[in-house]
2 protein chains.
Amino acid sequence: MVLSEEHRLVDALKRAGLKLTPQRLAIAEALTGDETHPTAQELYARLKPRFSSMSMATIYNTLGALTKIRGCRELEMGGATRFDPNVTPHDHAVCERCGAIRDVELESGEAPDSEPCPLPGFQVERIERVYRGVCAQCAEAA
Amino acid sequence: MVLSEEHRLVDALKRAGLKLTPQRLAIAEALTGDETHPTAQELYARLKPRFSSMSMATIYNTLGALTKIRGCRELEMGGATRFDPNVTPHDHAVCERCGAIRDVELESGEAPDSEPCPLPGFQVERIERVYRGVCAQCAEAA
DNA sequence: TCTTCGCTTAGAACCATTCTTATTTAGGAA
DNA sequence: TTCCTAAATAAGAATGGTTCTAAGCGAAGA
């Protein structure tokens, strides 16, 4: 599962004619299967021990490249850009207490962009939904 | 319309026990009826001519206070925080070409938070929807 | 009038992100 | 395998948005 996911990213890099550097492979690996929607800084902190000379620029360049080739998706939440390796249509639930962001699969059968035209003449390409509330863990703790 | 909107903000400030300083009134006035969802910087630029000594801190403090007392709403979009004076439940449409953010009223009769439970145990408080696509103006220009 | 406390100001500080430049390296060609 | 070159990395400076800090100001109450 995680392996095939990682392979998906590696394939995407190859197909785009981008070089498979150790740093890129490590970033792809770190992002793959990470459901916490990490920031660039968090990925940097996680990889720094393995690549002591790694630069933030490499993190940002790689994440930017992956985003452009649809290997991952950017989310603007909590004051920083977060990266989501899940590029299938889905929504997000954000806990107002702990800040955790979780993926929310679409209802089976739900067309991803099935909402009515919101504004006259506006051509909808996709819809992003954010559910805000309290996650099960925080609700239980309170 | 705009007058009563501005009055709403002034009332909210009063009720919260906050002082009605000239700066705060000017910020409330600038925000009221502004449908462009301005950033703090944009409001600063707009007010600087009138208050040559105004500080960014005052803008941020006031917008923060207004947000806390529900006089406006923060949106994280386009790399900066934007402020929306419309605090009734509504969605947003973002043009991928020009970046314009427009309010989208809920379908009449649509309950604001009527979606099914997205995750087991997650208590939904509200749902934010962002329609991404191309606005009528940009579609026509192309 | 005096005091107090909230507000504003100026600018430093902070943090995420982008840019610049020199150096290194992956991957194709010979 | 070796060589070559375009692409990628590293280091750190620069940028831009936002927050913090310290000092001063001013309105409201004693």
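By convention in this document, chain letters (A, B, ...) are assigned in the order of the sequence lines, proteins followed by strands, and residues within each chain are numbered from 1.
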Just checking B:Thr39: base, sugar-phosphate only, or nothing, at a heavy-atom cut-off of under 4.0 Å? nothing
Which is true for A:Ser53 with a 4.0 Å heavy-atom rule: it touches a base, it touches only sugar-phosphate, or it touches nothing? sugar-phosphate
Atom [atom1] of [X] and atom [atom2] of [N]: how far apart are they, to the nearest Å?
| X | N | atom1 | atom2 | value |
| --- | --- | --- | --- | --- |
| A:Gln41 | C:dT17 | CD | P | 6 Å |
| A:Asn61 | C:dC19 | CG | P | 10 Å |
| B:Arg24 | C:dT9 | CZ | C1' | 14 Å |
| B:Leu63 | C:dC7 | CG | C1' | 15 Å |
| B:Met54 | C:dA10 | CE | P | 11 Å |
| A:Ile59 | C:dT18 | CD1 | C1' | 15 Å |

Counting only heavy atoms not in A:Glu96, do more than 12 fall under 6.0 Å of its CD? yes
Within a radius of less than 6.0 Å around NZ of A:Lys48, do more than 12 heavy atoms belonging to other residues, nucleotides or ligands occur? yes
Distance from A:Glu42 atom CD to A:Leu47 atom CG, nearest 0.5 Å? 12.0 Å
Output for pair (B:Ile27 CD1, B:Tyr60 OH), nearest 0.5 Å, gives 11.5 Å
Counting primed atoms plus P, OP1 and OP2 as sugar-phosphate and everything else as base, spell out the protein contacts along nucleotides 20-30 of chain C at 4.0 Å heavy-atom distance: B, S or - for each nucleotide, 5' to 3'. ------BS---
Any carboxylate oxygen within less than 4.0 angstrom of a Lys/Arg side-chain nitrogen, looking at A:Glu74 and A:Arg82? no
B:Lys48 or B:Gly17: which one's nearest nucleotide on DNA chain C is closer to the 5' end? B:Gly17
Tightest non-hydrogen contact, residues B:Thr58 and B:Gln23, listed as CG2-CB, 3.9 Å
Is there a donor-acceptor contact under 3.5 Å from the side chain of [X] to the main chain of [Y]?
| X | Y | value |
| --- | --- | --- |
| A:Glu35 | A:Arg102 | no |
| A:Gln123 | B:Ala139 | no |
| A:His37 | A:Ile101 | yes |
| A:Glu140 | A:Gln137 | no |

I need the residues from residues 70-79 of chain A with at least one non-hydrogen atom less than 4.0 Å from DNA chain D; give them sorted by number, or say none. none
Walking along DNA chain D from 5' to 3', note the first and the last nucleotide with an atom under 4.0 Å from a heavy atom of chain A, and give both. D:dA6 to D:dA11
State, yes or no, whether a side-chain contact exists between B:Thr21 and B:Leu25 at a heavy-atom distance under 4.5 Å. no
